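Here is the structure we will look at.
Quick caveat: nothing in here was measured; it's all calculated off a predicted structure. Here is how names work: the chains are called A, B, and so on, in the same order as the sequence lines, proteins then strands, and each is numbered from 1.
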Amino acid sequence: MGKQDVGITVSKKEDFSEWYTQVVLKAKLADYAPVKGLIVLRPDGYSIWESLRSTFDKKFARNGIRNGFLPILIPESLLGKEQKHFAGFNPEVFWVTHSGTNEIGDRLALRPTSETLAYTLYSKWIQSWRDLPLKINFWNTALRAEIKATKPFLRTSEFLWQEGHTVHSTKEEAEKEVLKILEIYKNTVEEELAIPVITGKKSEKEKFVGAEYTTTMESIMPDGKALQMGTSHFLAQNFSKPFEVKFADKDNVEHFAWQTSWGVSWRLIGAMIMAHGDDKGLVLPPKVAPMQVVVVPIYKNAEDGEKVISKVDEILDSLEQKSIRVHVDNREGLSPGFKFNDWELKGVPLRIEIGPKDIENQSMVVAKRYNLEKIKLNLNEIEKIPDILDEIQIEMLEKAKSESKDNTKNITDYEEFKEKIEDGGFFNSPWCGKLECEDKIKEETGAEIRVIPFNSEDNTKKCVYCKEPSVSIPIFARGY
RNA sequence: GGGAUCGUAGUCUAGCUUGGUAUGAUACUAGCCUGGGGGGCUAGUGGUCGCAGGUUCAAAUCCUGCUGAUCCCA
């Protein structure tokens, strides 16, 4: 009884979209807010974000990047200063038009992104080559009105993210920074979230409006759709000119600076849910799991209870000493089976079951969430738990890699392209580099160039669409 | 951008055609029993029927507008 209401009621394979929403809500990561397109993060969801944030902060700091804070309101006059950029964002900007009952002359935008605001300040802060490089990251939210159906973490009108903005004295240094950031993104997503990504450039059509070029990391989700996991843009001098971000070089000649901007959002959490979750619910990689181990004590009378609880206390102490995030589920009146299912729904990586039978033969049952495997360990093998968690982290990435590989195909024939795109997946298909072909393919198949992987230049093949000589082999896919 | 479906307790839902103050499950609270994969019994708590207006003696039900959600198509 009640099984259907508490757990996930659809299979990931049969109804991916519904499955996803149920996992988010039932694992208590997030909930819908009373305003269209907005969601509320609950502690388990926010905790994952905090974990990612702390990892990124460490890596950013090591790279000389510090955190700052920018206000959420940007005057229209400022936002409109870089024309292409403005045109790109304008349709989805929320506007503040009144303060109290008074109409505001220069309307205020709720930031869709902060380039214009940041660079207005940067132009004040930078005068000399000695002020460079300037590297600041901002953790905040951005607001972009979503007209399409929204989905928690993947498409929401307000989202948590970080936006980094750096300024450099040379083009080379700025371009190096773009790649350095992309590398940080890639290894963080792979190591922390256990999701494999492919890095490369966006096509001209898909790049960030205002950037000279955009580098990106993309992942293929289990439903065959592509998800953009993060982007790092080379802005060249496109913003430094209108915003007059200038510096006097050593030779006392004034130059426009070279800039980058980059960001990842809580969409990464959505990717993690999709990549690892199963029909029982969420599956969390140990590194970002708010709770890494849950201990379920099992007993039926006070006498057994005492013995079990004292063992559980020992386990708790031992794991806490090793900095493992551990929780004991001592809720009364719930059957062990209920608890097992409950923690599986929430995705806790390891569960330790311990009852009278275990005490008797000095053992414990350890259940791995990601493959639902149960093993029996001796009580003194509690020392092994950190290693088991590390193994799980690695195995989850391997599993995701192999799934990702299965979803990737080399396709050179357009008929085959059209047919197979219905099932989704990443298609490595040669391209002539022309916008017309890119547009046509998108129009006819719904697939777009997600990423032109680094080192995918290839002029020996024929464009999958027009059959003229190729310039590269990008990854085509339908996206989120 | 176009189309479809839907909104009733924390959650899911009956009732709507044919107007008369809301059904059941689950969850929650208490007690007892139970306990190694979603337990049982008993007794309770919980609702401006998405919002606003209209028709009517009377609206969850009929009408209008709004709003939110889900799915499909471009």
Can you measure A/R331 atom CZ to B/rG35 atom P for me and round it to whole angstrom units?
19 Å
B/rA25 - base-pair partner by Watson-Crick or wobble geometry, distances under 3.5 Å:
B/rU11
d(CD, A/E146; P, B/rG1) in whole Å
11 Å
Validation row, ring centre A/W266 to ring centre A/F153 under 6.0 Å:
yes
Go through the structure and list residues passing salt bridge (Lys or Arg N to Asp or Glu O under 4.0 Å) with A/R144, not counting sequence neighbours.
none
Would you say B/rG39 has OP1 or OP2 under 4.0 Å from some side-chain N or O of A/S335?
yes
Length of the NZ-C1' vector between A/K300 and B/rC32, whole Å
17 Å
I want to check a possible cation-pi pair here: A/R351 against A/W343, using under 6.0 Å from ring centre and within 45° of the ring axis as the test.
no
C1' atoms of B/rG46 and B/rA22, separation to the nearest Å
14 Å
C1' atom, B/rG47 versus B/rU8: distance in rounded Å?
8 Å
Between A/W262 and A/W161, is the ring centre distance below 6.0 Å?
no
Parallel, tilted or perpendicular, judged at 30° and 60°: which one describes the rings of A/F208 and A/F239?
parallel
Could you measure between the two P atoms, the one in B/rA74 and the one in B/rC6, and give it in whole Å?
24 Å
If we take the P atom in both B/rA59 and B/rU13, what is their distance in whole Å?
26 Å
Paired with B/rU18: which nucleotide, if any, by Watson-Crick or G-U wobble criteria at under 3.5 Å for both distances?
none
Between A/I352 (CD1) and B/rG36 (C1'), how many Å, whole number?
15 Å
Do nucleotides 67-74 of chain B as a string where each nucleotide becomes B, S or -: B if the base has a protein heavy atom under 4.0 Å, S if just the sugar-phosphate does, - if no protein is that close.
-SSSS---
Kindly indicate whether the side chain of A/K374 and the base of B/rG37 share any N or O donor-acceptor pair separated by less than 3.5 Å?
yes
What is the distance, to the nearest angstrom, from the CG atom on A/L334 to the P atom on B/rU34?
17 Å
Could you tell me the separation between the CG atom of A/D279 and the C1' atom of B/rG37, rounded to a whole number of Å?
16 Å
For a quick check of understanding: with a heavy-atom distance under 4.0 Å over all strands, which category does A/V365 fall into, base, sugar-phosphate or nothing?
base
If only side-chain N and O atoms count, and only distance matters, is there a donor-acceptor pair under 3.5 Å linking A/Y480 with A/D223?
yes
Quiz: residues 436-450 of chain A side-chain donor-acceptor pairs under 3.5 angstrom, not counting sequence neighbours:
unit_1: A/E438; atom_1: OE2; unit_2: A/S203; atom_2: OG; d: 2.5
unit_1: A/D439; atom_1: OD1; unit_2: A/K205; atom_2: NZ; d: 2.9
unit_1: A/K442; atom_1: NZ; unit_2: A/E448; atom_2: OE1; d: 2.9
unit_1: A/E444; atom_1: OE1; unit_2: A/Y414; atom_2: OH; d: 2.8
unit_1: A/E444; atom_1: OE2; unit_2: A/Y465; atom_2: OH; d: 2.8
unit_1: A/T445; atom_1: OG1; unit_2: A/I441; atom_2: O; d: 2.6
unit_1: A/T445; atom_1: OG1; unit_2: A/A447; atom_2: N; d: 3.0
unit_1: A/E448; atom_1: OE2; unit_2: A/R450; atom_2: NH1; d: 2.5
unit_1: A/R450; atom_1: NE; unit_2: A/E218; atom_2: OE1; d: 2.9
unit_1: A/R450; atom_1: NH2; unit_2: A/E218; atom_2: OE1; d: 3.1

In whole Å, measure the gap between the C1' atoms of B/rA14 and B/rA9 for me.
14 Å
If you measure from the C1' atom in B/rC73 to the same atom in B/rG37, how many Å do you get, rounded?
43 Å
Provide the distance between the two C1' atoms, one in B/rC66 and one in B/rG40, to the nearest whole Å.
48 Å
Could you tell me which nucleotide pairs with B/rG46 by Watson-Crick or G-U wobble geometry, both distances under 3.5 Å, or answer none if nothing does?
none
Look through every strand shown and name the nucleotide pairing with B/rG36 as Watson-Crick or G-U wobble, where both distances are under 3.5 Å.
none
Given RNA chain B, 5'-ward residue of the pair A/D342 and A/N301, judged by closest heavy atom:
A/N301
Considering every strand shown, what is the Watson-Crick or G-U wobble mate of B/rA4 when both distances are under 3.5 Å?
B/rU70
Proximity of A/F417 and A/F427 rings by center, below 6.0 Å:
yes
Determine whether the side chains of A/K151 and A/S17 contain a donor N or O and an acceptor N or O closer than 3.5 Å.
yes
Taking the side chain of A/P336 as its heavy atoms from C-beta onward, which of B/rG36, B/rG37, B/rG38 lies nearest to it?
B/rG36
For the pair made of CD1 in A/I298 and C1' in B/rG37, what is the distance, rounded to whole Å?
10 Å
Sugar-phosphate only, base, or nothing, as touched by A/K376 at under 4.0 Å among non-hydrogen atoms:
nothing
For atom C1', what is the distance between B/rC57 and B/rC12, given to the nearest Å?
36 Å
Let me know the distance between CG of A/N341 and P of B/rG35, rounded to the nearest Å.
18 Å
